[in-house]
Structure formats: structure tokens, C-alpha cells
Amino acid sequence: MVRSWDAAVERAQERLGSAPRLRAVEEGDGRRFALWDLASRAEGELAEPVDPEDLGTDAERALRERLGESGREWPDGELYRRRYWVLDETGGRPVGTVAVDNWTKGPGQLAVSSVYLRRCARGRGLAAAALDEVYRAATAEGLPGYRLEAHWTWQHAVRYYLRRGLWAVSWKHALGLARMPQLPPYRVAEEDDRLVLLVADGPHGWVPLLAAGREGRWLRLDETAAYRQSDGWVHAFARSTLALHLALAGRPLVRGPQWWAEAWRWADTGEPEGLAYRIEHFEQPARTGGSRMGGPRDTGPRAAGSPVSGAPGVRLGDSGDG
């Protein structure tokens, strides 16, 4: 039993500092880390790949002005989080970044931010290995895994995290994604034009919990007996996780006008209509700013009075292809 979350986080940070593929950012390297962090945000929010090692003073200033508050540099960052370089396969050269807050989030999880890889280092499993290190450090100290947030419009990052098996646990301000010991591995398969969420269940193999299809323009969501008998953690987050997969696949999220009228009730997490409701809010700043929204999506038909229409902004994320 963990007696102090703060002490457990401190011990987990010490484990990360000694991990073979991570290196703590030293005091003199803070500015360099800040440029890599800025490159991550430029790629995610502006869809502009930037090499952080080639960022000059004028280019940095211009990017920070365009990004506004999210492009602000935070001095004294170590008061709030510990920053680490992600190292290449030899363990010698930094190729990415990851940061972990100095306090927990949700039910005592490590809070992860600034997951980023330079483009030349992607596709080699380095981001995945870094996240695995965070998970091992958390669980070794009795913490229930880790949690991170990703913006809906940073869809490259969102898709990457789902491929890594993270569960969708919140969408209050951004998409909250988590890996926890209480949540088993899952996968989403397409069967007969439906998306089916299955979880690993030891000797029983992959067990289906939920199936999502269409009824005309509406969502049809079916539960299995296994879902109704599942424990609290799985029962709570299976619906939100499948909802996020549906949204990324361009499938409807609304089961009818009566469901859409109540969508605000699930503005933090829960039913798929709540995600449709939040997506409208997530995309509004991009529409107002004139950003191009690319890729088909159908979260809720306008005929029902739903304001949700159009398509998501498909943008490069801050994780790279790990």
C-alpha cells in the first residue's frame, strides 16, 4: 500500500533518472529542452515539422508568438516536473524528450507530458520504450500507471497512443489517456461493419465487451454479458475508449436526438455522445482561426439539432511514431 503519493513519485523519478534509455536534463540543458518542447507544439498545433536543433532566435520568437499561451516558455520547470532526454539505441545521443510531473494525477498516476521524437528517430520504438520505462517506474513504486493528455486535433499523437493500448479515461479539457494495471490489454476489431472492443482475459483469450454499428445515420451500441459483468475500471472506461476509436474512424457517436439532448451530461467522460459534444468544443478554436479541418468524420447528424459536423483537423502529434 502506498503511504505517500509524493514519496512514491519521488522514487519513481529516481528510477527514471537511472533508466538506460533516459537521461535527466541537466541545468545547463534547459534551453535546449525548451526548443525541443517548442518543436513538438509547432508540429502538433501548426502542422509544421520543425527541427529543434535548427531553430534560431528569430524563428523561435515567431513560433512562440503564433502559438500564444501554449508556446510560452516556462522557466523553473523543475519545480513542476522532471525532464528527460530520450536516448538513441546506443544510449548516448538525445533523440527525443519526455517529462513527468512532480505530483500525481487522477487516482495516483504519474502525469506524463512532452513526449516527442525528432523525425529522424521515429519508427524505431524509442517513444514506446520511454513510455514503458515510465510505466515500470510507476508500478514498481505502487502507483497505478501513468496518464497523459493529447489534444483532439493532434490526431497523429492520439492514434499513436491508442495503438500503444492506452485507454481513454477523460475528455474534459483534452483527451485523457491512461495505462493502468487495473485495465487489461484491449484491441478494437472491425466485424460485419461494426467496431468491437475486446479485452484480454487470460485463458479465455480476447473477450468482446462492446460492439458499435449503425442504424441509419445513428450509432447503435450493444453490450455483451461480459461487459455487464466486468469490474468497475473496465466498465467505466470501455465505453469512452470505444467512443474515441469510433470518432477517429469517422463513425457516428450519437444514438438519437434524445441522446444528443443529454450529451452535456457526459462532458467529462462516459457515453459517446459526450465525446461528440466535447469534439465540437475542441474544434471550435480551429474553425474560428481559419485552420483547415481535414478528413471525414460523422459524430452526430445535424438533422437532430446537433452542431457537430465537418471533419477533424488531422495534424502531426507530439509523440512521433515510437
Side-chain angles (χ1 to χ4, degrees), residues 101 103-113 138 143-155 157-188 195-199 209-212 219-224 226-249 251-256 258-285 297-300 306-308 312 317:
D101 288 359
W103 49 75
T104 58
K105 195 162 191 172
Q109 298 157 313
L110 288 183
V112 177
S113 63
L143 299 169
Y146 66 80
R147 175 170 168 162
L148 54 81
E149 291 188 343
H151 296 287
W152 160 252
T153 53
W154 297 19
Q155 296 211 341
V158 176
R159 293 175 189 274
Y160 172 76
Y161 293 134
L162 291 185
R163 290 198 304 271
R164 292 294 305 152
L166 272 65
W167 290 68
V169 298
S170 172
W171 46 61
K172 184 174 183 179
H173 301 297
L175 298 175
L177 301 156
R179 182 180 176 188
M180 303 170 61
Q182 299 93 329
L183 293 170
Y186 77 88
R187 64 185 179 92
V188 173
L195 291 189
V196 181
L197 185 141
L198 308 97
V199 295
L209 297 184
L210 299 168
L219 165 70
R220 173 171 176 161
L221 186 63
D222 296 318
E223 303 173 356
T224 68
Y227 172 75
R228 291 189 288 271
Q229 297 166 8
S230 61
D231 66 24
W233 293 100
V234 173
H235 198 276
F237 299 131
R239 299 172 90 85
S240 55
T241 299
L242 182 57
L244 183 52
H245 281 270
L246 288 169
L248 291 169
R251 304 294 184 99
L253 292 174
V254 179
R255 283 167 283 187
Q258 72 279 14
W259 284 92
W260 181 249
E262 299 289 319
W264 59 272
R265 293 183 180 276
W266 306 289
D268 291 357
T269 190
E271 300 292 347
E273 289 78 11
L275 178 58
Y277 177 84
R278 291 304 302 154
I279 285 173
E280 176 67 15
H281 291 269
F282 293 152
E283 291 187 352
Q284 189 58 47
R297 176 172 57 78
D298 179 11
T299 53
S306 162
V308 180

Can you see which heavy atom on [X] is nearest to which on [Y], and at what distance?
X: V234; Y: P184; answer: CG2-CD, 3.5 Å
X: P181; Y: P144; answer: CD-C, 3.7 Å
X: A249; Y: L195; answer: CB-CD1, 4.1 Å
X: A243; Y: L253; answer: O-CD2, 3.4 Å
X: A168; Y: L177; answer: CA-CD2, 3.9 Å
X: F282; Y: W152; answer: CD1-CB, 3.6 Å

From [X] atom [atom1] to [Y] atom [atom2], the distance as rounded to the nearest 0.5 Å:
X: Q284; Y: H281; atom1: CD; atom2: NE2; value: 9.0 Å
X: E273; Y: E271; atom1: CD; atom2: CD; value: 6.5 Å
X: Q155; Y: L248; atom1: CD; atom2: CG; value: 5.5 Å
X: R228; Y: L209; atom1: CZ; atom2: CG; value: 11.0 Å
X: L197; Y: T224; atom1: CG; atom2: OG1; value: 9.5 Å
X: R278; Y: E283; atom1: CZ; atom2: CD; value: 12.0 Å

**Message:** I'd like to know if the side chain of T241 and the backbone of A238 have a donor-acceptor N/O pair within less than 3.5 Å.
**Reply:**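 No, T241 side chain to A238 backbone: no donor-acceptor pair under 3.5 Å.
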Do the side chains of [Y] and [X] get nearer than 4.5 Å, heavy atoms only?
X: L162; Y: V188; value: no
X: W167; Y: M180; value: no
X: D101; Y: S113; value: yes

**Partner of P272 under side chain to side chain contact (heavy atoms under 4.5 Å, CB included), chosen from L244, L219, L242, V254** =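 With P272 as partner, L244, L219, L242, V254 yield a single side chain to side chain contact (heavy atoms under 4.5 Å, CB included), made by L219.
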Give the table of side-chain donor-acceptor pairs shorter than 3.5 Å for residues 103-112, with sequence neighbours excluded, one pair per line with atom names and distance.
from: K105; atom 1: NZ; to: E149; atom 2: OE2; distance (Å): 3.2

I'd like a table of donor-acceptor pairs (distance under 3.5 Å, sequence neighbours excluded) in which one partner is a side-chain atom from residues 169-176, with atom names and distances.
from: S170; atom 1: OG; to: K172; atom 2: N; distance (Å): 3.3
from: W171; atom 1: NE1; to: W266; atom 2: O; distance (Å): 2.8

**Request:** Sequence neighbours left out, what passes side-chain contact (heavy atoms from CB on, under 4.5 Å) with R164? Give chain and number order.
**Result:**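 With neighbours one apart ignored, the set is A128, D132, Y160, L166.
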**Message:** Which label fits H235 and Y227: parallel for a plane angle under 30°, tilted from 30 to 60°, or perpendicular past 60°?
**Reply:**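 Because their plane-to-plane angle is under 30°, the rings of H235 and Y227 count as parallel.
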**Pair R239 + E223, salt bridge at N-O below 4.0 Å** =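 Yes, R239 and E223 are salt-bridged.
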